[in-house]
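Here the structure comes first, spelled out in structure tokens, and everything after it is commentary.
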2 protein chains.
Amino acid sequence: MADVKTGGRARGIDRVIALMEHLHGLRAPARIADIARDTGTPRSTVYELVNTLVEARWLELRDGDGMVYFGPAMHYYGSDYLDSVDLIRKARGEVTHLSESVGETAQFCMLDGDKYLVVLNEPGRRMFRLSSEIGIKVPIPWTASGRLLVDHMAPQEIRAFIPAEDFTLPDGRQIVEEEFLRDIAQAREAGFVRTTALVDRFTTCMAAPVRDPAGRCIATICFVVPADTEADQQAMMIDELKASAARLSGAR
Amino acid sequence: MADVKTGGRARGIDRVIALMEHLHGLRAPARIADIARDTGTPRSTVYELVNTLVEARWLELRDGDGMVYFGPAMHYYGSDYLDSVDLIRKARGEVTHLSESVGETAQFCMLDGDKYLVVLNEPGRRMFRLSSEIGIKVPIPWTASGRLLVDHMAPQEIRAFIPAEDFTLPDGRQIVEEEFLRDIAQAREAGFVRTTALVDRFTTCMAAPVRDPAGRCIATICFVVPADTEADQQAMMIDELKASAARLSGAR
DNA sequence: GATCGATGCCCGAAATATCGGACAAAGTGA
DNA sequence: TCACTTTGTCCGATATTTCGGGCATCGATC
């Protein structure tokens, strides 16, 4: 993305973008020397930039152990972004409501290019939480929601749209394209989709589509629960999802 | 903060910081030409930087009307920040729970320098929502929570800490210092604070202190409600706040 | 207490990113 | 239709920021 020519001289802004992306990838504070090594930025440059960014509250020095991580300014800017996107702002309300009332992890997801993206995640009340990091991108076929998000495309469009390697699950299993296409048709018919033990053995995902006025699925709202969740409980959750998704689809 | 010498030549990163702060101040998309004018940045430079930032998803072009505003990357970085700060992460749960169960706007606030700062805001279910923008800073005496956040200081410390002009309310009224100090003592005694019609005529704020092991108030959790809310309802809300604050104080 | 690695800062040199201005394209209004 | 404003891109010059290397400090390990 921000391609910094390693070795050469680069703009401060590009160095900063690389730095922030690196921290986002780590999802943990990092030492300045490590940032320099891992992003291919000269050490003195990183010190210089980090000082600037800390002063602007974009970054924060942690603990006193010389580590840096995102600072409060990022939270402010991020909140501004969420408030500015109408659909996401409304989805926030639905996701918190679902998570709070049902007590399970609820998410709001969209497409980003040819990848599936978790935009909002609100954990449930379980001891061992199932949840995803905000902003992670995942191959579309690995997810329940993915089956809804491409349901406006023709089969050959889908084949062209999703990279071939994305049909390989993390454990090496292949998702058969015909089954994937059948799932999509079924999901469209039923108005929801459920997958069990897809990317791992113990989770079930249930998702309902948020559609634009033209009927195209632009987002999904979903629950992530343990695979052994009772069937009637799951049925109730699917009804909740459909209701939320309908509210979001209408509210445009 | 990011002081850009107007007129002179400046680093890209300083221009970018000024740009982002400007957008955060506006809380609305802006046209590129306006950004250039308002931040004192040369037009060609803004175009150059905006292109870079849009590519990195830090900014987004809106609508097609040539306006820019924060992009999804800010949301990701901001979420990372929230997750990384233990107290804030836990506070998120409390704030959403309070807002959801009581149906009123709940907030989590801290000090930032000598100003009061809204860190988390979760609106209630009213038709006309009372809420604050994330990241706004407000003079300490204007707020209920402010009376808790300085309660570890001696009177003369407080006088030295809070700028004199911060005792003037937006409508020009003066907050009498003696009353302010008495409020603080009372709040400390009672374990909560309530103010009515302080910055405006129709709101009541109730807040409870989150304290560190040494007993110092490091944050507050609060409700913002219409001033005509029933007394027993308010009493219930104060109990909820105290319980939440106690959980946050203990969970360290 | 000596060695080693890591941290943080400083400085001079030069590679280059910023800036001003010019220009085409797209609106706007009369 | 023409005049005028606004938007977005391009280009060359130079003021400046990046970069590499050096140095003092600090802690850990032996």
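Only heavy atoms go into these numbers, but all of them, side chains included; no hydrogens, no water, no symmetry mates. Each chain gets a letter, A, B and so on, in the order its sequence line appears, and its residues count up from 1.
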Q. Between atom CD1 in Ile13(A) and atom P in dC19(C), what is the gap in whole Å?
A. 13 Å
Q) Under 3.5 Å, is there an N or O donor on one side and an acceptor on the other linking the side chain of Arg43(A) and the base of dG8(C)? A) yes
Q | Between Tyr76(A) and Glu21(B): side-chain donor-acceptor atoms closer than 3.5 Å | A | no
Q. Rounded to whole angstrom units, what separation is found between the CZ atom of Arg15(B) and the P atom of dT17(D)?
A. 10 Å
Q. Do Ser244(B) and Glu94(B) get their side chains close enough for a donor-acceptor pair, meaning under 3.5 Å?
A. yes
Q: Round to the nearest Å and state the distance from Leu49(B) atom CG to dT9(D) atom P.
A: 13 Å
(Q) Whether the Ser84(A) and Arg62(B) side chains hold a donor-acceptor pair (N or O, under 3.5 Å, no angle test) is what I'd like checked. (A) yes
**Q.** Atom-to-atom span, CG of Asn51(A) to C1' of dC10(C) - whole angstrom
**A.** 13 Å
(Q) Distance check needed: dC11(D) P versus Glu48(B) CD, whole Å only. (A) 13 Å
Q: Could you check which of dT9(D), dT7(C), dC19(C) has an atom nearest any side-chain atom of Ala33(A)?
A: dT7(C)
Q: Please state whether the phosphate of dC19(C), meaning OP1 or OP2, lies under 4.0 angstrom from any side-chain nitrogen or oxygen of Thr45(B).
A: yes
**Q.** Which residue lies more 5' along DNA chain C, comparing Val46(B) with Ser44(A) via nearest heavy atoms
**A.** Ser44(A)
**Q.** Between dT7(C) (C1') and Asp34(A) (CG): distance, integer Å
**A.** 12 Å
Q.
Closer than 4.0 angstrom, basic N to acidic O: yes or no for Asp112(B) and Lys115(B)?
A. no
Q | Nucleotide nearest Pro42(B) when distance is taken to its side chain, options dG8(D), dA17(C), dC19(C) | A | dC19(C)
Q: Specify the separation, in whole Å, of atom CE of Met67(B) and atom P of dG8(D).
A: 12 Å
Q) If you measure from the Lys or Arg side-chain nitrogens to the Asp or Glu carboxylate oxygens, is any gap between Asp83(B) and Arg89(B) under 4.0 Å? A) no
Q | Rounded interatomic separation in angstrom, taking CZ from Arg31(A) and P from dG5(C) | A | 15 Å
Q.
Under 4.0 Å from OP1 or OP2 of dT9(D): is there any side-chain N or O of Tyr47(B) that close?
A. no
